[in-house]
Protein chains: 2
Amino acid sequence: MERRLHVVIIGGGFGGLEAARRLAKAPVNITLVDRRNHHLFQPLLYQVATAALNASDVAYPIRAVLSKQKNARVLLGEALAINVASRRVVLDDGAVDYDYLIVATGATHSYFGKDWGHLAPGLKSIEDALEIRRRVFLAYEAAERESDPAAQRAWLTFAVVGGGPTGVELAGALGEIGLTTLAHDFRSIDPTQVRVLLFEGQDRVLGAYPPKLSEAAKRSLEKRHVEVRLNTMVTAIDDRGVSVKAGDREERIDARTVLWAAGVQASPLAVSLGTARDRAGRVEVNPDLSLPGHPEVFVIGDLAKMQNADGSPVPGVAQGALQGGRHVAKLITAEVKGRAASPRPAFRYHDKGNMATIGRASAVVSTKRFALHGLVAWLMWWAVHIMFLVGFRNRVFVMLSWAWSWLTFTRGARLITGSVGELPAVKTIGSDGAVSMPVSTPALSLGGDGKPTAPPPM
Amino acid sequence: MERRLHVVIIGGGFGGLEAARRLAKAPVNITLVDRRNHHLFQPLLYQVATAALNASDVAYPIRAVLSKQKNARVLLGEALAINVASRRVVLDDGAVDYDYLIVATGATHSYFGKDWGHLAPGLKSIEDALEIRRRVFLAYEAAERESDPAAQRAWLTFAVVGGGPTGVELAGALGEIGLTTLAHDFRSIDPTQVRVLLFEGQDRVLGAYPPKLSEAAKRSLEKRHVEVRLNTMVTAIDDRGVSVKAGDREERIDARTVLWAAGVQASPLAVSLGTARDRAGRVEVNPDLSLPGHPEVFVIGDLAKMQNADGSPVPGVAQGALQGGRHVAKLITAEVKGRAASPRPAFRYHDKGNMATIGRASAVVSTKRFALHGLVAWLMWWAVHIMFLVGFRNRVFVMLSWAWSWLTFTRGARLITGSVGELPAVKTIGSDGAVSMPVSTPALSLGGDGKPTAPPPM
């Protein structure tokens with residue numbers, strides 16, 4: 001009896017999961033391996049980071065997606081290396097052999113060689129998002145306790161590095177948090193005085209979009225108290241702020257919260273594939289997305305350097321991964337059914353456009369046919385993201401969350417979970433009972449006689 | 001000008017938050033201090049632990065609750081000690097002076113002196129709930145990778161210590177996760193073979209309820225694959241299982257996941273109050289809930305040993321804290337308005353009944369007038385919990401989450417976040433491609449020739 005071929009897929013993101021689903025009718029066995037149990041809808045991850053959505057709204061258990069697909073199994077595990085000679089994937093503890101392999105492990109942060117990871121978190125996983133959320137909301141709590149005005153301002157200053165879609169979306173949301181969400185919740189500070197700085201090395205934000213939309217996005221950000229610093233490179237980051245350089249001018253900015261949206265690099269798993277990679281670590285694949293010299297190994301998504309027919313690169317966006325997954329699934333299906341085309345068809349990317357949101361009722365949409373910004377763009381952005389979310393329940397709940405937040409100007413997930421860390425000393429002491437409750441002046445306390453009180457002995 | 005008196009409240013749970021809200025019209029300044037930024041609806045915490053709800057569905061930012069209350073401010077901070085002589089609360093960094101103090105810091109886990117905290121997590125905070133969720137869902141993932149049948153069974157065995165409402169609710173949910181939620185999601189294991197053991201030292205679960213309801217709860221648990229072990233004490237816990245003793249019989253049970261719902265003790269802050277405490281660390285308060293010798297200091301909620309007029313203890317439930325908070329707020333309001341009664345009115349607890357849920361369409365409700373179980377009790381349980389949730393948005397979203405889950409037999413928050421830890425070795429290797437995909441037999445892999453394969457060299 002002829003045995004079924006074994007397709008192993010590493011990575012349950014957009015590319016890997018799509019490939020698995022498209023192989024549902026193929027006479028193969030599929031094993032999908034991911035080091036997380038959930039598929040992550042990354043375009044909405046910044047909303048978890050800014051407390052607008054829950055983690056479970058943008059993530060979905062992979063094995064629930066494939067639960068009814070009888071030829072697919074899911075393993076929680078981390079692929080450490082790939083032995084292309086023996087057709088074996090080495091896991092953290094064990095191994096899996098394959099007939100076909102699809103590597104779809106995506107990208108991770110790049111700090112351009114610097115050791116800034118712990119100082120400036122990026123946004124690639126749920127844990128990243130929850131860490132950013134924790135830091136952002138703790139910053140306001142810390143400012144509320146702080147009595148030194150300069151220190152207060154540093155806590156109310158947020159720096160975002162990188163003016164691509166992720167940076168723009170984060171910066172816009174950070175502005176809105178201070179201007180709207182938390183506006184009335186504090187007594188010693190005025191959250192509407194929040195300062196958000198967005199640093200971009202090039203001469204405009206959203207470099208992959210038409211210049212008109214970059215300009216619209218910049219204006220929209222500025223309405224949300226975001227200072228957009230173009231042509232500005234970050235030269236140093238420490239736990240108190242950043243140093244930046246624009247042309248000849250160098251500047252030091254005190255900002256207790258720094259977020260990273262500036263660079264990605266391919267997952268390190270690519271190294272063991274043993275083929276050429278570009279500067280960002282992406283694998284140079286054949287036009288059909290297979291590995292040079294190994295027609296049974298495919299690389300898709302952000303891990304692959306995919307190219308259009310004209311040689312231009314396919315961007316590292318969800319559509320690239322989705323379409324790549326579909327292409328490979330189709331190819332494998334044809335081959336196992338004995339209907340392989342020779343030579344194999346090349347992957348052709350269909351650019352369906354880009355969209356990014358800045359904040360409430362403000363987004364930009366760019367396709368080959370039109371460029372939009374403002375409210376209409378925002379509604380389109382809403383609709384497209386809802387459609388592409390995995391899981392009907394997630395679609396319904398995200399829609400409701402957004403509707404609620406929009407109507408009530410609130411954010412639904414404002415929890416600080418995890419450690420609170422070190423907060424500034426509280427000096428709002430009433431000596432014989434007098435407690436001042438300033439709203440927008442520094443939180444110095446005054447005693448019953450009107451004089452500031454000294455810190456208490458501990 | 002006469003200054004306003006300063007009321008300091010430590011703890012933003014049921015008691016502290018209610019006291020703050022009830023003081024909205026009193027001519028006082030209020031400072032509420034909590035080491036977390038959110039108020040936690042503890043009765044539903046077990047649903048976060050079992051992935052039925054998100055953390056943000058059962059928690060609400062304290063300063064959002066008090067945002068519009070002009071005489072109240074919220075500080076994120078931890079109270080380390082109370083100096084009743086100088087009327088000062090010492091915080092982690094700083095201090096706050098008070099005219100009135102309400103201590104409402106609640107209870108924490110008690111492991112009866114043993115060092116079991118890291119082995120058997122309890123359920124008192126969001127972090128606890130997320131940790132339990134992580135362990136429970138990882139256990140299934142580990143079992144899926146496991147090839148040794150005994151080890152698989154240990155991963156699919158869950159032990160819950162303590163047969164009060166929390167233990168019963170956890171155990172019932174754990175049973176349902178295997179029977180229903182994950183039933184079709186795995187290939188090497190059959191999740192419906194899950195084994196849940198509930199250990200209770202007394203002769204019935206839900207000891208505070210009428211015996212008929214204890215019996216109904218037990219039957220309902222057993223329908224959910226929960227083995228209820230009464231009159232059984234846990235003598236030892238390690239990372240592989242538990243040792244228990246029932247009468248003379250001792251038994252060792254292999255269970256990789258052990259959850260603690262067996263004991264609570266009062267928050268350690270009580271120590272610095274310097275007065276008598278009972279065995280569980282609760283403060284012996286006067287009938288008006290004030291501290292003996294200090295009429296300006298009140299202790300409410302789980303931290304206080306509150307008593308009914310007949311001397312029976314007020315249980316450590318939400319209603320006790322809520323009513324205590326209301327009582328103290330009323331008392332303080334009367335005094336600052338110059339309308340103090342003398343002697344002060346005693347706190348009178350109105351027992352509105354108890355309710356606990358076992359699972360889908362099954363709960364028990366016990367009041368002075370009636371005792372119910374089954375579907376009707378479950379609907380009442382639903383309705384009451386919705387009503388008492390803080391925040392209209394939370395009520396709406398929890399209702400929708402429950403409606404969805406009930407209709408679709410799913411759980412909405414099945415994420416494993418945080419570290420994955422060590423998982424069993426994967427031995428499902430196909431040597432020349434053959435991969436066996438057993439459903440309910442142990443996950444031994446067979447090679448192309450039908451013989452089991454040896455583990456691969458790493």
Side-chain angles (χ1 to χ4, degrees), chain A residues 3 5-6 29 31 35-38 54-56 59 61 63-64 67-68 73 75-77 88 90-97 99 126-127 137 141 144-145 184-187 393 397 400 404 410 412-418 420 423-427 429-431 433-435 437 448 456 458, chain B residues 3 5-6 29 31 35-38 54-56 59 61 63-64 67-68 73 75-77 88 90-91 93-97 99 126-127 137 141 144-145 184-187 393 400 404 410 412-418 420 423-431 433-435 437 448 455-456 458:
Chain A
R3 68 167 179 79
L5 295 185
H6 188 203
N29 290 336
T31 298
R35 57 187 180 173
R36 295 264 192 299
N37 81 323
H38 48 270
N54 295 305
S56 69
R63 57 176 74 258
S67 165
K68 294 189 168 40
R73 75 179 302 164
L75 276 185
L76 184 75
R88 166 171 290 171
V90 178
L91 301 177
D92 47 286
D93 195 6
V96 187
D97 294 336
D99 294 301
I126 297 265
E127 286 80 10
F137 284 89
E141 298 288 345
E144 174 81 344
R145 289 172 51 130
H184 305 290
D185 282 14
F186 291 84
R187 302 285 179 257
R393 180 196 188 278
F397 275 76
L400 292 169
W404 188 278
T410 57
R414 278 175 50 188
L415 300 186
I416 297 175
T417 50
V420 155
L423 295 171
V426 166
K427 301 215 180 77
I429 312 153
S431 56
V435 168
M437 303 226 293
M458 290 301 288
Chain B
R3 66 169 181 79
L5 296 184
H6 188 205
N29 290 336
T31 298
R35 57 186 179 173
R36 295 265 192 301
N37 81 324
H38 49 268
N54 295 304
S56 68
R63 56 176 72 258
S67 165
K68 295 187 169 42
R73 74 177 303 161
L75 276 184
L76 184 75
R88 166 170 292 170
V90 177
L91 302 177
D93 195 6
V96 187
D97 294 337
D99 294 303
I126 296 264
E127 285 79 11
F137 285 88
E141 299 289 346
E144 174 81 343
R145 289 170 52 128
H184 306 290
D185 282 14
F186 291 85
R187 303 285 180 256
R393 181 197 185 281
L400 292 169
W404 188 279
T410 57
R414 277 174 51 185
L415 299 187
I416 298 175
T417 50
V420 155
L423 293 172
V426 168
K427 302 211 180 80
T428 51
I429 311 152
S431 56
V435 168
M437 303 226 294
M458 288 302 287

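Below, chain A is the first sequence line, B the second, and so on; all start at residue 1. Given the structure is predicted, the values throughout are model-derived calculations rather than measurements.
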Determine the minimum heavy-atom distance between Arg145(B) and Leu76(A), stating which atoms define it.
NH1-O, 2.6 Å

Which bit of Asp185(A) comes within less than 4.5 Å of chain B, counting heavy atoms only: side chain, backbone, both or neither?
both

Quick check for you: to the nearest 0.5 Å, what is the distance between Arg63(B) atom CZ and Glu144(A) atom CD?
5.0 Å

Smallest heavy-atom separation, His184(A) atom then Ser67(B) atom, equals O-OG, 3.4 Å

